[in-house]
Amino acid sequence: QVQLVESGGGSVQAGGSLRISCAARINAVRMAWFRQAPGKEREGVAGIWTRSGNTVYADSVKGRFTISQSNAKNTVYLQMNSLKPEDTGVYYCAASTRVGGASLLPGTYDYWGQGTQVTVSS
């Protein structure tokens, strides 16, 4: 059974914006977005502790990306502005029911989405 359903993504020119969404079918307390570019390891982009709304960002996206959640706290969004070609990759939603706060560590997540492609052209 699919626990995380992602939507959004696509192609955009550098400097543009995109928003991707992830709907959770579990009572997640921690959610995040990771991305993986071809030939590179998966890296954490933005995370949120759903109980408090506390967030954490990778240095490479600070000031450009914003993670947020729905009022029901079962959907998270990643608003991506001022996109750069190096932001290109498959973006994965991740979720956990374990306590511990916002995190960008893959090992702190138990559920993963199928991934959605984001392509930024120069």
Side-chain angles (χ1 to χ4, degrees):
Q1 185 178 3
V2 177
Q3 306 292 359
L4 301 175
V5 180
E6 299 160 347
S7 60
S11 298
V12 66
Q13 288 190 330
S17 298
L18 283 174
R19 189 177 86 155
I20 52 179
S21 303
C22 175
R25 295 174 176 171
I26 57 173
N27 187 23
V29 294
R30 177 193 300 121
M31 297 186 72
W33 288 97
F34 289 76
R35 68 186 180 190
Q36 187 165 21
K40 295 188 176 181
E41 293 186 355
R42 189 173 298 189
E43 63 172 343
V45 174
I48 188 167
W49 180 246
T50 63
R51 290 180 175 176
S52 65
N54 285 350
T55 59
V56 61
Y57 294 93
D59 288 342
S60 59
V61 306
K62 282 181 181 177
R64 300 189 298 121
F65 290 12
T66 302
I67 187 170
S68 61
Q69 60 182 339
S70 64
N71 289 337
K73 300 183 180 180
N74 60 350
T75 300
V76 292
Y77 308 95
L78 186 67
Q79 177 66 43
M80 302 179 286
N81 298 328
S82 302
L83 282 161
K84 305 175 181 180
E86 51 263 44
D87 294 318
T88 294
V90 178
Y91 283 67
Y92 296 91
C93 177
S96 174
T97 58
R98 292 180 278 159
V99 297
S103 171
L104 294 182
L105 298 176
T108 59
Y109 293 90
D110 304 306
Y111 302 91
W112 293 85
Q114 77 282 5
T116 185
Q117 178 70 42
V118 171
T119 302
V120 185
S121 58
S122 57

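Quick note: residue numbers are just sequence positions, from 1. Keep in mind that this is a model prediction, so the values were computed, not measured.
When the side chain to side chain donor-acceptor pair (under 3.5 Å) test is applied to Thr108, the partners found at least two apart in sequence or on another chain are Ser103. With sequence neighbours left out, Ser52 forms a side chain to side chain contact (heavy atoms under 4.5 Å, CB included) with Trp49, Asn54.
A cation-pi arrangement is not found for Arg42 relative to Phe34, the charged atom failing to lie both closer than 6.0 Å to the ring centre and inside a 45° cone about the ring normal.
Between Pro106 and Glu41, every side-chain heavy-atom pair lies at or beyond the 4.5 Å cut-off. Within the 4.5 Å cutoff, no side-chain heavy atoms of Trp112 are placed close to those of Cys93. Taking 4.5 Å as the limit, every side-chain heavy atom of Arg64 sits out of range of all side-chain heavy atoms of Met80. Within the 4.5 Å cutoff, the side chain of Cys22 has no heavy atoms near those of the Tyr92 side chain. Residues Gln69 and Ile48 have side chains in contact (heavy-atom distance under 4.5 Å, counting atoms from C-beta outward).
In terms of heavy atoms, Ala32 sits closest to Gly47 at CB-CA, 3.8 Å.
With Tyr57 contributing its side chain and Ile67 its backbone, the two residues share a donor-acceptor pair below 3.5 Å. Checked by atom type and distance alone, the side chain of Arg30 pairs as donor or acceptor with a backbone atom of Gly101 at under 3.5 Å. At distances below 3.5 Å, at least one donor-acceptor pair connects side-chain atoms of Ser70 with backbone N or O atoms of Thr75. Of the possible donor and acceptor atoms, none in the side chain of Glu6 sits under 3.5 Å from a partner among the backbone N and O of Ile20. Judged purely by atom type and a 3.5 angstrom limit, Thr50 uses its side chain to pair as donor or acceptor with the backbone of Ala28.
Ionic pairing of Asp87 and Lys84 is not present here: no N-O contact between side-chain nitrogen and carboxylate oxygen is shorter than 4.0 angstrom.
Within 6.0 Å of the CD atom in Glu86, the count of heavy atoms belonging to other residues, nucleotides or ligands exceeds 12.
Hydrophobic clustering (side-chain heavy atoms under 4.5 Å, transitive across Ile, Leu, Val, Met, Phe, Trp, Tyr) groups Tyr111 together with Val76. Linking Ile, Leu, Val, Met, Phe, Trp and Tyr residues whenever their side-chain heavy atoms come within less than 4.5 Å leaves Tyr77 and Leu104 in two separate clusters. Residue Phe65 is not grouped with residue Val56 when hydrophobic side chains (ILVMFWY) are merged at heavy-atom distances under 4.5 angstrom, including chains of intermediate members. Linking Ile, Leu, Val, Met, Phe, Trp and Tyr residues whenever their side-chain heavy atoms come within less than 4.5 Å leaves Val29 and Tyr109 in two separate clusters. In this structure, Val12 is a member of the same hydrophobic cluster as Leu78, with clusters built from ILVMFWY side-chain heavy atoms closer than 4.5 Å.
Partner of Leu83 under the side chain to side chain contact (heavy atoms under 4.5 Å, CB included) criterion, chosen from Val120, Val61, Thr119, Thr88: Val120.
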